[in-house]
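Below is one structure, written out as structure tokens, with a few remarks after it.
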Protein chains: 4
Amino acid sequence: MDGTKRQRRGNTRQRIQDVALALFAEQGYEKTSLREIAERLDVTKAALYYHFKTKEEILVSIFEDLSRPIDELIEWGKAQPRTRDTKREVLRRYGDALTGAAPLFRFMQENQATIRELSIGNRFKDRMLQMRDIIRDPDASLTDQVRCVSALFTMHAGMFALQDVEGDPEDKRKAVLEVAIDLVTQAHAGPSPAANA
Amino acid sequence: MDGTKRQRRGNTRQRIQDVALALFAEQGYEKTSLREIAERLDVTKAALYYHFKTKEEILVSIFEDLSRPIDELIEWGKAQPRTRDTKREVLRRYGDALTGAAPLFRFMQENQATIRELSIGNRFKDRMLQMRDIIRDPDASLTDQVRCVSALFTMHAGMFALQDVEGDPEDKRKAVLEVAIDLVTQAHAGPSPAANA
Amino acid sequence: MDGTKRQRRGNTRQRIQDVALALFAEQGYEKTSLREIAERLDVTKAALYYHFKTKEEILVSIFEDLSRPIDELIEWGKAQPRTRDTKREVLRRYGDALTGAAPLFRFMQENQATIRELSIGNRFKDRMLQMRDIIRDPDASLTDQVRCVSALFTMHAGMFALQDVEGDPEDKRKAVLEVAIDLVTQAHAGPSPAANA
Amino acid sequence: MDGTKRQRRGNTRQRIQDVALALFAEQGYEKTSLREIAERLDVTKAALYYHFKTKEEILVSIFEDLSRPIDELIEWGKAQPRTRDTKREVLRRYGDALTGAAPLFRFMQENQATIRELSIGNRFKDRMLQMRDIIRDPDASLTDQVRCVSALFTMHAGMFALQDVEGDPEDKRKAVLEVAIDLVTQAHAGPSPAANA
DNA sequence: CATGAATGAGCTTTCATTCAT
DNA sequence: GATGAATGAAAGCTCATTCAT
């Protein structure tokens, strides 16, 4: 009638997820109450329970929806030969996936302690380990394995720890990717002569 | 008389900090209640309040005590010339500092969302930025700046993300340090030809 | 089904206010705990918080509901000419208003120290000052101003300090009103020759 | 050695009473914690317990010390003949007593609900009733009895409700006393023709 | 004459969750 | 597809009080 509730029908589930993720990412999972989510949506707490069985289920559903690109990347990566170029492509695609689900990843990164006790904790960890196993040579030296983990963390760090650094976001993205690819490349190249300096 | 309360006098404050840090690191700050801390120590909640004014103050006091080595490192680092060798030494010392305060750093890493709203949030961020500014060349390329941040994150990641990786802890420590030093070295060397491959 | 919870739906808010006021007036605001209010109503403490945001809000809501007659009296009084007859009528109406909200006024009187720090503290004081300004001649002698304040206090005192005095309540009411009106009358009459005796 | 604790020996009991009364009068009895009193005195809570057995005992001791003038006045009053001049003198002396123990009386007035449950509650009430019985004619009309109570309340009101009124404090004191004496005088004069207007 | 350390009881408030309508 | 009303559990915190030293 007055447009206030326009766009409101049928997509409440989606709107709950959006608001919840925004608040979870901003304040953390524990500090975000269902009351707060409901208030922002101008519905009652009970309405949330019509759409989701528990608070945790809201988070799980968000995770499932947004982490699908990563799943697909993992699946794709596993099917490829373990060449240097594959790894580079994996990192490129990983960068895209992270960008697409930035708030979720920011949330996962900043709420590890909380998430560990939740059902998605292990699932997230599994994905990370699978990513790691795609870009590292299983029999490589410890140092090279570290380089791979480091490449992954560099991508994450780049997403969040560089937010307050001057410079064009796109340039930063590129620089981060470059460093990550470098790391994998060096890992692939075997014992780096530079490290012996 | 029965030894149960032996060692109880005069060090309660310290014991609170120890138990609190262990629980904070294990379960997160929010999920750890004062009741839980008190129970583990076999004292009442009110006893905690005799030693600390608030829950947050417990955390702050732990942070202050354990992060002193980092403060000293920062002070030392700022007084040194910005040579490659200085940076390597900084990373080495940083590794030691992290090892000495591992639970605290694990906690800070895994509870960022929570900590952001606490008084130590900014203090921690400041320290990280100061560390970054010690090992990066302020006018270097974006890529090289990323390498520096990455070196720092590699050290952190190495402390925690490698816990479930096979191998001798001491070897892992060395590998992590090597990769971090490599990154800083490359940043120092200027445009890396390897990155252009 | 068993009648125990009969009359329970839809009027809980009102019942909370009733019980709260009774307890506040009997024991004071601080000494009355939400547990006590909840127990008397046979609901949980949390139920109180469904209807009121804080303990203070319960008191505020009571104050707002019950002090409306006084507000209306003040409004009416301000619109009248400042004649002796107006003042007498004001006191008569004030007596009615006090009787209608006796427990609230008894509470306000006996918990001044507490109320001063609460949000209604100033609002109450304002009302009293406005009442005073309605019945006193602004440029009258100090003595006559005191007479006016005294008239008001006499009404209050009459409500509560005479409770344990023998005599028919209605007679007491009349006597109190008479003395108060006398005071205002004398104030209106200007310098009283009786006072010089 | 440094004078900080000078004047500190032997009068701690007195200092506790002073600070306690100031805080009780300012914030109320319940809102004033022993911690607060101790902090203001720069001693520990336990020290208070060396001087007084309970919180209530601090109040009782203050009451006993400061209300002695009223006791003496009551004793004196009872021994006098019930003439009009006696009553006037009683009111005059009562004014002096009130002035001398203003914070205590302010406290008693503003914390009635609290005090009612304390041991001094009845004692205070008794004193008030005795005062009343000294200045009222026991067989007078209800109206005249109200005048007497009103005279007493006028004295109290004058002490506190006139604080924010413009004018010299001494003038206000006199005006209050004048009105109170007037009231008693009228009560003494029997049926007032003025009241029949 | 006082402190340091602690307790037990209680407080206000918040939360995730439920369910009849 | 949602609301109104409520609950049980727990949280952080404060208080008056105690007692060995």
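Naming: A, B, ... by sequence-line order, numbering from 1 per chain.
- For the pair C:Leu48 CG and F:dA5 P, the computed distance is 14 Å after rounding to whole Å.
- Between A:Ile16 atom CD1 and F:dA2 atom P there is a gap of 8 Å when expressed in whole angstrom units.
- In terms of phosphate contacts, A:His51 brings a side-chain nitrogen or oxygen within less than 4.0 Å of OP1 or OP2 of F:dA2.
- Between the P atom of E:dA5 and the CG atom of B:Leu41 lies a distance of 15 Å, rounded to the nearest Å.
- The shortest distance between side-chain heavy atoms of B:Phe107 and B:Phe63 does not fall below 4.5 Å.
- Protein atom OH of C:Tyr50 is 9 Å distant from nucleotide atom C1' of F:dA6, rounded to whole Å.
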Base-pair string, DNA chain F, Watson-Crick plus G-U, cut-off 3.5 Å on both distances, | for inter-strand, is .||||||||||||||||||||

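- Side-chain atoms of C:Thr54 come within 3.5 Å of backbone atoms of C:Glu57 as a donor-acceptor pair (strictly under, hydrogens ignored).
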Protein-proximity profile, nucleotides 9-16 of chain F, B/S/- by nucleotide at the 4.0 Å heavy-atom cutoff, equals -BSBBBBB

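- Between the C1' atom of F:dT17 and the CZ atom of D:Phe52 lies a distance of 16 Å, rounded to the nearest Å.
- Residue C:Thr12 has a polar side-chain atom (N or O) positioned under 4.0 Å from OP1 or OP2 of F:dA6.
- Remark: C:Glu117 pairs with no residue by the side-chain hydrogen bond (donor to acceptor under 3.5 Å, both in side chains) rule, at least two apart or across chains.
- Applying the side-chain contact (heavy atoms from CB on, under 4.5 Å) test to B:Lys45 and every residue at least two apart in sequence or in another chain returns B:Leu34, B:Arg35, B:Ala38.
- Judged by a 6.0 Å distance limit and a 45° cone about the ring axis, B:Lys55 is positioned over the six-membered ring of B:Tyr29.
- With sequence neighbours left out, C:Ala113 forms a side-chain contact (heavy atoms from CB on, under 4.5 Å) with C:Arg116, D:Glu110, D:Asn111.
- Looking at C:Glu36 and C:Gln27, their side chains do bring a donor and an acceptor atom within 3.5 Å of each other.
- In summary, the side chains of A:Ser119 and A:Glu56 do present a donor paired with an acceptor at a separation below 3.5 Å, with no hydrogens or angles considered.
- Rounded to whole angstrom, the span from the CD1 atom of D:Ile37 across to the P atom of F:dT17 amounts to 11 Å.
- Between C:Glu57 atom CD and E:dT12 atom P there is a gap of 15 Å when expressed in whole angstrom units.
- Distance, B:Asn11 CG to E:dG4 P: 17 Å, rounded to whole Å.
- A:Asp65 is linked by a side-chain contact (heavy atoms from CB on, under 4.5 Å) to A:Gln17, A:Arg68, counting only residues two or more places apart in sequence or in another chain.
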